[in-house]
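For reference, the structure is listed below as structure tokens.
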There are 2 protein chains.
Amino acid sequence: MVEELDSRKKRILQAIIQEHIISASPIGSRTLAKKYNLDVSPATIRNEMADLEDLGYLEQPHTSAGRIPSDKGYRYYVDQLVSREQNQEPGVIENIENLYQDLQDVQDIISGMAKMLSNMTHYTAMVSEPKSQISRLKKVEIMQLANNSLLLVLVTDAGMVNNKIINLDQNLLAEKISYINNFLSDKLENKLLANLDSNYLKKVEKELMARLDLSVDLFKQFYNEFEGAFEPGAVKVYIGGTSYILEQPEFNDLKKVKKMLKLLDQEEMLNKIINSISGTDLEIKIGQENEVEDIKNCSLVVATYYISNRAVGKIGVIGPTRMEYPRVISSVDVISDILGKLISKASG
Amino acid sequence: MVEELDSRKKRILQAIIQEHIISASPIGSRTLAKKYNLDVSPATIRNEMADLEDLGYLEQPHTSAGRIPSDKGYRYYVDQLVSREQNQEPGVIENIENLYQDLQDVQDIISGMAKMLSNMTHYTAMVSEPKSQISRLKKVEIMQLANNSLLLVLVTDAGMVNNKIINLDQNLLAEKISYINNFLSDKLENKLLANLDSNYLKKVEKELMARLDLSVDLFKQFYNEFEGAFEPGAVKVYIGGTSYILEQPEFNDLKKVKKMLKLLDQEEMLNKIINSISGTDLEIKIGQENEVEDIKNCSLVVATYYISNRAVGKIGVIGPTRMEYPRVISSVDVISDILGKLISKASG
DNA sequence: TTTAGCACTCAACAGCAGAGAGTGCTAACA
DNA sequence: TGTTAGCACTCTCTGCTGTTGAGTGCTAAA
């Protein structure tokens, strides 16, 4: 399906895509001949363009218009014509790292990076929280706030902090709390979150109840919260720069904007989108390649970020298929790197 | 400036506003005579409309168009022609309360209520976090995560939980941590946050250092975090239903939509907007009455919510001046009530 | 004071012509 | 055989025009 194109066809395809990325409108043979010194006449270019259209790399909105790239055309461009080398100016990475190095809070880092990425690319950025399933529980502790009110604090080794206020219908003595904390530390800390499923929790609960001589009801709520805190589906997605999509000419239609914004309002949808990317490295989904119906006219550039060499989350950008791929790719690359480093550092 | 209008003028003004809220376009005399049985001919209505325009309650987009209400017109409508009685169907309040009563987390309650409000009104809703200045610190505790890494947990009596991971360049023994916790509890808990300013904190720090025989540097970062956590300006604003503004015909212009979305993207701006409302009860700002320049073509309906009889935060709605005031007013009223109750209960 | 009648205004819309950009095809050329 | 100039053709876009319709303000009569 992916033919090898001769070098002139490659040059022409590349030129059309680059020009289209800038102008957002169909490109004609004359424009191409003038702006890119291809050393052939417009007529020749026209022939080549007709060929490229037959092969599926280009499309024609109507008979007397120029050509625009098809999804297949962009795919070829991204795979064959864009060098994936880091072409960020030197120093940028250090600057960003320095700028954010004081942040200790993982949530702050994530939303900061989402903003940074959307600023750099001028597209909408999204970042998923570090996946908890492959993290370990680093700390569990309950503390007493008032007579019947406890605060449950959970910290993962990825630095994610989770806390819940729990109201009990019964008072709890300080010694018991301290006993519970020791017990829970022993049973739960340093375990993989994936292993802390309801079965295991129920067992721990039973044992604890037996030792404490307390009613089971007392801790029912506690375990509900606990279970909920690290559900696999509960990955939060941060987005930044929603308003950038309005700058894209392909969203000049109010209906499209509306659809898009509704989409980005729904957290489940973002989850679905960002989790539909299976690749372990930087991955690009162009138009129809996307699984989620509503973004089949968009492109995604998503990278995985790592904490101590384990893949834990995704960071990426969503924009029109007519996207500045080279720039976006390098930005996503850089930012995903920095994000991993910052979180690693913050979670010590 | 606010003349007393005779009853026929009132009826006509009310009819025009109600009709305009539905149709979003200028209202003519014939339409009015047909749809509302005012028992006078269109010609008479025209005369009255000319009067109302002279008085500033109506405007005419161009000579041969109908009239639309001015800001002053809406103001009169809201003040004199809308009954502020709760006209929510009975049971709605109970239903919502039941729906959300399981939520223990204050942040969840707030964002849930923002969503609920935007769903009910079909405008964009915003809620500010409980103001910390008038809250008391209920609990302060540090816990050890790893050798050089601590977690600082702060809980206010409004139920807001704040936590920060702190990395030290020095190890800290468990006894010291326990000593510090006791010390901090003693010095900080149950104090008004407003009183925990940097002066006071510095004093506490000094005393603690002296007793512990530790270097001052060790806790520098700690106090930075601590100070930052409850800054007066740091009130977070939750918004919900951003995409609803796109449904309003007055935002048919892409430029306007863009401006609006950019505005709502900026947290400082939301802060400025919601804090520009000074009233203690339900307050309405119509168009030009708004202080923030960029929303002078919008209206705000904002209520204050209370926790144990103290005003702590604002909840409201932003939409076009052509807003369904009666419905919005009653929704904001109801939701602000429920919000206060839910938080009170959760932070019980 | 109210109302019918009427001339007037203005935005919105449809229809149309012309310009401009771009194509595909053909025939000539190197 | 590949390349190019020329040309007729197509289609969108823009601006102009006339028409329509909703609505007004004024006047004069009831």
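Numbered from 1 within each chain, the chains take letters A, B, ... in sequence-line order. Quick caveat, the model's predicted, so the values are computed rather than measured.
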A:Asp6 has an atom CG; how far is it from atom C1' of D:dT3, in whole Å? 15 Å
Hey, is the side chain of A:Thr44 poking within less than 4.0 Å of OP1 or OP2 on D:dG2, counting only N and O atoms? no
Of all the choices, C:dA11, C:dT23, D:dG25, which nucleotide is nearest to the side chain of A:Met49 once you look at every atom? C:dT23
Hey, are A:Asp6 and A:Lys10 close enough for a salt bridge, meaning a charged N less than 4.0 Å from a carboxylate O? no
Picking from D:dT4, C:dT3, C:dC10, which would you name as closest to the side chain of A:Ser41? D:dT4
Atom CD of A:Glu59 and atom P of C:dG22 are separated, to the nearest Å, by 18 Å
Just how far, in rounded Å, is P of C:dT2 from CG of B:Asp51? 11 Å
Between P on D:dA5 and CZ on A:Arg46, what's the gap in Å once rounded to a whole number? 10 Å
Within the pair A:Arg67 and C:dG22, is there a side-chain N or O less than 4.0 Å away from OP1 or OP2? no
In whole Å, I'd like the distance from the CD1 atom of A:Ile45 to the P atom of C:dG24. 13 Å
Distance, rounded to the nearest Å, where B:Ile12 contributes CD1 and C:dT2 contributes P: 10 Å
Does a donor on one side chain sit under 3.5 Å from an acceptor on the other, for B:Ser299 and B:Tyr325? yes
B:Arg75 and B:Glu289 ion-paired at < 4.0 Å: yes
Of the nucleotides D:dT24, D:dT4, C:dT3, which has the atom closest to the B:Gln60 side chain? D:dT24
Could you state the atom-to-atom distance from CG of B:Leu52 to P of D:dT24 in whole Å? 13 Å
The answer to which of B:Glu48 and B:His62 contacts DNA chain C further toward the 5' end, by nearest nucleotide, is B:Glu48
Taking atom C1' of C:dT3 as reference, at what distance in whole Å does atom CG of B:Asn47 sit? 10 Å
Compute both the distance and the angle, then confirm whether B:Lys256 meets the cation-pi test with B:Phe251: under 6.0 Å from the six-membered ring centre, within 45 degrees of the axis. no
Name the residue closer to the 5' end of DNA chain D, choosing between A:Arg8 and B:Thr31 according to the nucleotide with the nearest heavy atom. A:Arg8
Have a look at A:Thr63 and say if it touches a base, only the backbone sugar-phosphate, or nothing, with a 4.0 Å heavy-atom cut-off. sugar-phosphate
Does the side chain of B:Ser64 get closer than 4.0 angstrom to OP1 or OP2 of D:dG23 through an N or O atom? no
A:Ile295 and A:Lys285, any side-chain heavy atoms less than 4.5 Å apart: no
